[in-house]
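A short worksheet on the structure shown next.
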Amino acid sequence: MAEAADFQGTSPSPARRWLRRTGAVLAGTPLLTGLLQLPAASPAEAAAPAAPRAASDDGSVAVSVDTFTPGAPAEGDTVTVSGTVTNKGKKTVTDASVGLRVGSLLDTRSSIDTVAKNSDDIGSPVGAEIDDKYTEKFSKLTPGVSQPYTISVPADELDLGQDGVYDLSVTLTGETSDQPWEQTLGVRHTFLPWQPDEADTKTKTTFMWPLISTVHMTAETGSDEEQTPVFHDDELAEEISPGGRLDRMVALGKDLDVTWVIDPDLLASVEAMTTRYEIPGENADDKNAVGGHQAVAKRWLTEVQKAVVDKEVVALPFGDPDLASLAHHGTSVTGSLRHLKEATDVAAGTVESILHVTASTDFAWPVEGAVDPSIIKISTSAGADKVITRGDTFEGGRDLTYTPTAPRPIGGGTTAVVADARLSTVFDGNMTRASASTQAVQRFLAQSLTLALQTDRPRSVVIAPQRTPSAAQAQTMAEAIGALQDSTWSQPQDLTAAAKSKPDPDAGTEVPPASAYPKSLRKQELPRSAFEQIARTQDKLDRFKVILSNPSRVVTPFGRALNRGMAASWRGRPTEAAIYRSGVETYLDTLSSQVRLIEKSETKLSGRSATIPVTVQNNLVQGVEHLVLRLTSTNPTRLEIDGNAYEEQPIAVSGGHSQSVKFTTNANANGRATVVAQLYTQDGRPYGQPVTFDVKVTEITATVMLVIGGGVLLLVLAGFRMYTQRKRAAARQAEEREQENAADAADAGAGAGDAKNPEASERRPTQESAPDTREDAPKQPSDPAPDTAPESADPSGTGERVDR
């Protein structure tokens, strides 16, 4: 914005015209020219004696302003300023006095910036001290010791003139042993906005109240029916607990007229905490620990629901994607815009289901409002027609002596809502110190009043603070908004109404070129590799979901996790962002690998045809379907699958089960043939890793059958020969027994003859020499053993024989 825009318009107030005319009468025409160039002095400053000279060094006493009430006083109010004075020097300060001084009127916005930059410079001009009775005295200030002070002055005693912002300084005067005269040893400049009467034309002010956090949820969920969510940390519980950052944002915002700007991911994450959720253990082998902040999550959501009643709610795309990173590095990666569209589509529904309010999704908010043509294009690609930008990166217009109204039509039905840069950034920095917080509030009010006094034109001003204010920053913002809502020059307005207000015809509407995009912000963007990894993960998800019987159990958590991988909160944290994206992809790979083929060893095939079993294992909780198992022979001239080079069969496996599929094979020649089993989705894309194994074909030929037949014939003939020989031997034995019986009878009659011839009886056979045919007779080593080996349930080993 041109520097001319820092000055008030061409229609000064009556008091200013009176001062200028008086100056012209007293000093003539040359003096009139000087008065037009310098800000008018307050009556108190014009009549006051010279202030004590400043110390020769930079100031040996630090002065803080910790409270300033009321921030924008009216007639009849009492201004109270309190803080501390601290002797930073090595010498004791004596006869010390703390007083207030009303300085010059700061009628430009840049002059306010200058005073804020040099707020403790004792060399800066100060006005005369207000009446001595409104001072606080200290007999001495010991080195290193702080002393509190409180000064209260009726606003009427400040002798303020025309409406505007005055430089109000708190000074400490005193003496030291080496400089024994009254001198200014410390000062703190702040701002006193003064407009006691209601303005004829009030500035319509919109304050965006962001409810955004960093990424906390992972893509992982439990295998139970409720799909227990897993968080990578428990930091969100700290933020929503009493006193936490998000708890303070809700508690402070509920009483303010603000527009709530919410990331739906935050609401979804907290809602996931209202039931059972898990966080990883400290060690990789540890099981997930159960989070225990369900009551805190329920309470916080209830408070948010109450806070947004009758308030405008703007929903950002789910996960608050980094639009600038997407525009500069993601558009060349296929599918990146798809994620932005999905994030926008689920935003309103998420907010409505949790908060029970209808949220607007018409607004896009790039980081710090910095835009170029590519960012504008990306921002509107998902349906938003209003882009929140910021005045320090968007030209205000030529030769304007005022800050133009926020909406700017930039073509194509798109409106750039230009937030005021000074008002939006005043709360940056550390606000934990009371002095810093008080100074920010007074500076905010000063800038707002000075902006309002620039012109009588009706204007809409939008304030877009930092995305994730700290608790202290939120407290400071709330104090400033509360004071502004009670002021005489401003009135609150919703963001949608501000965007629809009449644009200023003289305001700039040209979108800054890409070369003007801040280098500091460009360094923090997500790289192209981040979007490539997200696209790769999405491709894997698309292949995985088509085989599932209930794909929503996977698509929803992974889809939202991919949205979170593009979040603006990853800026400045490249390592953490890379770890998160890799975790999402790795977990998806783990789930996909739960559906696989069981490895097979070499299989033996005896005969011309047989069946080969292939097993599909599903270790997922849900069933898989729409899969095709293909068995392919790499040498179909030797081995065919169902008469072809390959055969396919549809697969459907219940969760936690396995299924074996049998393929008919035909052998054409002996030898080893390689077979490949591969799963495919119905669109023909391979799924998982293939399983390769060998089939050894041992076909029985005619020659072999002839040889075997001859061997069988020989065995039959040998058996017949043995049978006849045994029959003949049995006949001979029977004949011999008959002869022996006859001989015995003869011997009975010739007993005496036997006694005389004992050698004849020794030659007779006895029963002990007969063969032992008893059943309990010992077996010979060559006897066959019984087959009692049980059938193994393990995967087949080498040399597996298949069913014929």
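Index from 1, following the sequence. Every heavy atom of this structure was used, including side-chain atoms; hydrogens, water molecules and symmetry mates were not. Everything numeric here is computed off the predicted structure, so don't read it as measured data.
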**Message:** Check whether Gln439 reaches the backbone of His189 with its side chain - one donor and one acceptor, N or O, closer than 3.5 Å.
**Reply:** yes
**Request:** Give a yes or no on whether the backbone of Leu168 and the side-chain of Thr190 come within a donor-acceptor separation of less than 3.5 Å.
**Result:** no
**Complete:** Between the CZ atom in Phe363 and the OG1 atom in Thr496, the distance rounded to the nearest 0.5 Å is 4.0 Å
**Prompt:** Hey, does Phe191 have a side-chain heavy atom less than 4.5 Å from the side chain of Val115?
**Reply:** yes
**Asked** What do the steps show when you test Val426 against Gln447 for side-chain contact (heavy atoms from CB on, under 4.5 Å), and what is the final call?
**Response** CA-CA 10 Å; Val426 71; Gln447 288 286 357; over 6 Å; no
**Donor-acceptor pair between Thr67 and Ser82 side chains, under 3.5 angstrom** = yes
**Asked** Taking all non-hydrogen atoms of both residues, which atom of Gly482 and which atom of Leu256 are closest, and how far apart?
**Response** N-CD2, 4.2 Å
**Prompt:** Taking atom CG of Asp163 and atom OG1 of Thr488, what is their separation to the nearest 0.5 Å?
**Reply:** 7.0 Å
**Request:** Verify, without hydrogens or angle tests, whether Gln195 (side chain) and Leu449 (backbone) share a donor-acceptor contact under 3.5 angstrom.
**Result:** no
**Asked** So, Thr214 versus Ser569: side-chain donor-acceptor pair below 3.5 Å or not?
**Response** no
**Lys/Arg N to Asp/Glu carboxylate O, Asp132 vs Lys137, below 4.0 Å** = yes
**Request:** Scan side-chain atoms only and decide if Thr84 and Gln147 contain a donor-acceptor pair under the 3.5 Å cut-off.
**Result:** no
**Prompt:** Will you find, in the side chains of Ser470 and Arg245, an N or O donor that is under 3.5 Å from an N or O acceptor?
**Reply:** no
**Fill in**
Rounded to the nearest 0.5 angstrom, the OG1-CG distance for Thr468 and Leu266 is 11.5 Å
**Request:** Start with the C-alpha gap between Ser460 and Gln493, add the side-chain angles, then the distance that decides, and say whether side chain to side chain donor-acceptor pair (under 3.5 Å) holds.
**Result:** CA-CA 8 Å; Ser460 294; Gln493 184 181 40; 3.0 Å; yes
**Asked** When you look at CG of Asp200, are more than 12 heavy atoms from neighbouring residues, nucleotides or ligands closer to it than 6.0 Å?
**Response** no
**Message:** If I take atom CE from residue Met208 and atom CH2 from residue Trp260, how far apart are they, to the nearest 0.5 angstrom?
**Reply:** 13.5 Å
**Request:** Verify side chain to side chain donor-acceptor pair (under 3.5 Å) between Glu129 and Thr135, making sure each step is shown before the conclusion.
**Result:** CA-CA 9 Å; Glu129 188 173 86; Thr135 61; 5.3 Å; no
**Prompt:** Taking it one step at a time, do Val314 and Leu495 satisfy side-chain contact (heavy atoms from CB on, under 4.5 Å)?
**Reply:** CA-CA 9 Å; Val314 171; Leu495 183 60; 4.1 Å; yes
**Asked** When you look at NZ of Lys204, are more than 12 heavy atoms from neighbouring residues, nucleotides or ligands closer to it than 6.0 Å?
**Response** no
**Prompt:** Do Asp504 and Arg408 sit within salt-bridge range, that is, some charged N less than 4.0 Å from a carboxylate O?
**Reply:** no
**Asked** Distance-only, no hydrogens or angles: does the Asp494 side chain make a donor-acceptor pair with backbone N or O of Ala497 under 3.5 Å?
**Response** no
**Message:** Regarding Asp420 and Arg422, does a basic nitrogen lie under 4.0 Å from an acidic carboxylate oxygen?
**Reply:** no
**Item:** No-hydrogen, no-angle side-chain donor-acceptor test under 3.5 Å, Thr403 and Arg109
**Value:** yes
**Request:** Begin from the C-alpha positions of Ile122 and Leu185 and carry the test side-chain contact (heavy atoms from CB on, under 4.5 Å) through to its verdict.
**Result:** CA-CA 7 Å; Ile122 62 173; Leu185 298 175; over 6 Å; no
**Asked** Any sub-3.5 Å donor-acceptor pair from Trp194's side-chain atoms to Ala155's backbone N or O?
**Response** no
**Asked** What's the verdict on side-chain contact (heavy atoms from CB on, under 4.5 Å) for Thr405 and Ser501, showing C-alpha distance, side-chain angles and the deciding distance?
**Response** CA-CA 8 Å; Thr405 194; Ser501 61; 4.1 Å; yes
**Item:** Short side-chain to backbone donor-acceptor contact, Asp320 and Leu316, under 3.5 Å
**Value:** no
**Request:** Taking atom types as modelled, find out whether Thr259 and Trp209 have a side-chain donor-acceptor pair closer than 3.5 angstrom.
**Result:** no
**Request:** Output yes when a side-chain donor or acceptor of Thr438 lies under 3.5 Å from a complementary backbone atom of Asp66, and no otherwise.
**Result:** yes
**Complete:** One should read off an interatomic distance between Asp167 CG and Leu192 CG, to the nearest 0.5 angstrom, of 10.0 Å
**Request:** Would you confirm whether Glu182, through its side chain, and Glu175, through its main-chain N or O, come within 3.5 Å as a donor-acceptor pair?
**Result:** no
**Prompt:** Going by atom types only, do Asp178 and Thr176 share a side-chain donor-acceptor pair under 3.5 Å?
**Reply:** yes
**Prompt:** Are Ser437 and Thr476 close enough that a side-chain donor and a side-chain acceptor fall under 3.5 Å?
**Reply:** yes
**Message:** Main chain of Thr205, side chain of Gln491: is a donor-acceptor contact present, judged purely on distance under 3.5 Å?
**Reply:** no
**Asked** Side chains of Ser435 and Ser64: is there a donor and an acceptor less than 3.5 Å apart?
**Response** no
**Message:** On a heavy-atom basis, which atom in Tyr166 and which in Gly103 lie closest, and how many Å separate them?
**Reply:** CD2-O, 3.9 Å
**Prompt:** Does one side chain, of Gln183 or Gln179, offer a donor that lies under 3.5 Å from an acceptor on the other?
**Reply:** yes
**Prompt:** Would Phe444 and Phe427 satisfy ring pair (Phe, Tyr, Trp, His ring centres under 6.0 Å), going step by step from the backbone distance to the final call?
**Reply:** CA-CA 8 Å; Phe444 175 84; Phe427 305 106; 5.3 Å; yes
**Asked** Checking Arg101 side chain against Val126 main chain: does a donor-acceptor pair fall under 3.5 Å?
**Response** no
**Prompt:** Side chains of Thr203 and Ser490: donor-acceptor distance under 3.5 Å anywhere?
**Reply:** no
